[in-house]
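All values below come from the heavy atoms of this structure, side chains included, with hydrogens, waters and symmetry mates left out. Every chain is numbered from 1, with letters handed out A, B, ... down the list of sequences. Computed from a predicted model, the values in this text were never measured in an experiment.
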There are 2 protein chains.
Amino acid sequence: MSKDARIDARNKVRDAAIALFAQKGVKATTIKDIARAAGVSEGALYRHWASKEDLAAALFAAEYTALSHSLREAAGSGPAPERLRRVIVWAFGLVEAAPDRARFLLLSQHDALPPVPALMKDGLETPVDVVCAIVGDGIAERSIVDADREALAHTVIGAIVLNIQSHVYGRQTAPLGTLADTVADALLRGLSTGKGA
Amino acid sequence: MSKDARIDARNKVRDAAIALFAQKGVKATTIKDIARAAGVSEGALYRHWASKEDLAAALFAAEYTALSHSLREAAGSGPAPERLRRVIVWAFGLVEAAPDRARFLLLSQHDALPPVPALMKDGLETPVDVVCAIVGDGIAERSIVDADREALAHTVIGAIVLNIQSHVYGRQTAPLGTLADTVADALLRGLSTGKGA
DNA sequence: CCATTATGAGTGAACGTTCACTCACATCCT
DNA sequence: AGGATGTGAGTGAACGTTCACTCATAATGG
């Protein structure tokens, strides 16, 4: 077995677990399911993670922080409203580009209770923080209305999340690109002052 | 066996189950937990519900449709933007008035996947439908901007849900009343045309 | 008005299944 | 050689569900 094969085993478990967690949730996914889908034995999982919960938490933390970085990059620079629009469009794009990851992040927040506070303790940045920061910048530069920035950030994120959920669950059938623009238009009309930065 | 135990068993189970489901989720709550909290035996549950899943689905369906009716009532009549504001304020109020119910509805959507499509099959009205209808009215009467009404409705609901979640999970510490106004202001500024009905 | 019978909610120990996790052993890499 | 990694049957605990039984109350009959 080559070094690469071993590395692949870890990644195969990760990919399989994310896909299964995304489809059935953490609780409903068994170690056997994961091992089977990854093509490794059950015992092998425990060489790399202490428990199923540990695996789920590690995957969630990794995806969550990766999402934060991606959002930050996607936002780019410029006036806050423009950055927010890019964040919204990018988030909708993620659903098409990596549906398993999007679904995993969407579903696991309720399964994986401990990690999110834990992440914040470790000083790691969450997607909420990223949007909060942009909103905060916008308020400072007077391009976003002056209001509780957490509330505005959650309004933006909630709108994104629920529209994506309704798409994933099949209620909303409009193409994601159109959805992103509709949602971004409505939100930015509500948040922008109309003044530039 | 007391007379009270017999008469109240169903309701005591309902109350206990909602509280436990709200705190730990459906999967993590055991029949023993529920029976214990309700002060009845485990077997008694099966006199009234076929399974734990059935109990959860029945409770969710009941709460979900009750929420729909309450929202419809809270909306009242008048121009769509005013009705939406009342819906938003009422939803935030629910968290203070009945935190267990609010939390149960928030958490169980991901545990109780089958019932929601099932509800829609049965032609029952969901909270999403209520908001969709108001948005649709608003578009017709030109008080709401002309866009995909499902998208706008999900934007409103998502904003409500995520702000409530962040409050329940302790990230958002601003008082709920203030939050409701902030969120309603931002959303309605984005959705309204400014024209009356 | 009482004795008898029927009803069905309530009980909880027992059952069978499921599942996360372990461990003795095999295999691979350096 | 020896540490790291992989294997998968085995283990014990937890869980949902069942079922033979109890008993308060209601219905029936004389």
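Nucleotide D/dG16 holds its C1' atom 11 Å from the CG atom of B/Leu45, rounded to whole Å. Following rounding to the nearest Å, A/Lys27 (NZ) and C/dA20 (P) show an atom-to-atom distance of 11 Å. Rounded to whole Å, atom P of D/dG16 lies 14 Å from atom CG of B/Asp54. Rounded to a whole Å, the CZ atom of B/Arg10 is 14 Å from the P atom of C/dG8. Taking atom CD on A/Glu42 and atom C1' on C/dT18, their separation rounds to 12 Å, with Å as the unit.
Applying the side chain to side chain contact (heavy atoms under 4.5 Å, CB included) rule to A/Asp185 yields the partners A/Arg85, A/Arg189; only residues at least two apart in sequence or on another chain are considered. Evaluation of the side chain to side chain contact (heavy atoms under 4.5 Å, CB included) rule for B/Asp54 yields B/Trp49, B/Ala50, B/Ser51 as partners, not counting sequence neighbours. Every residue two or more places apart in sequence or in another chain that forms a side chain to side chain contact (heavy atoms under 4.5 Å, CB included) with B/Val95 is listed here: B/Ala102, B/Ile164, B/Val168, B/Leu176.
Screening residues 94-109 of chain B for salt bridge (Lys or Arg N to Asp or Glu O under 4.0 Å), with sequence neighbours left out, gives B/Glu63-B/Arg101. Listed by first and then second residue, the salt bridge (Lys or Arg N to Asp or Glu O under 4.0 Å) pairs involving residues 17-40 of chain A are A/Lys24-A/Asp33, A/Lys32-A/Glu42 (not counting sequence neighbours).
Contact check on B/Asp137 versus B/Arg149 returns no salt bridge, with no Lys/Arg side-chain nitrogen under 4.0 Å from an Asp/Glu carboxylate oxygen.
Taking only side-chain nitrogens and oxygens, B/His48 comes nearer than 4.0 Å to OP1 or OP2 of C/dG10.
Checking B/Ser51 against A/Gly43, the closest nucleotide of DNA chain D that is more toward the 5' end is the one next to A/Gly43. For the pair B/Ala28 and A/Arg47, both in contact range of DNA chain D, the more 5′-proximal nearest nucleotide belongs to A/Arg47. Residues A/Lys52 and B/Ala44 both approach DNA chain C. Their nearest nucleotides, taken by heavy-atom distance, put B/Ala44 toward the 5′ side.
Interface residues of residues 29-37 of chain B facing DNA chain D, ordered by number: B/Thr29, B/Thr30, B/Ile31; criterion, heavy-atom separation under 4.0 Å.
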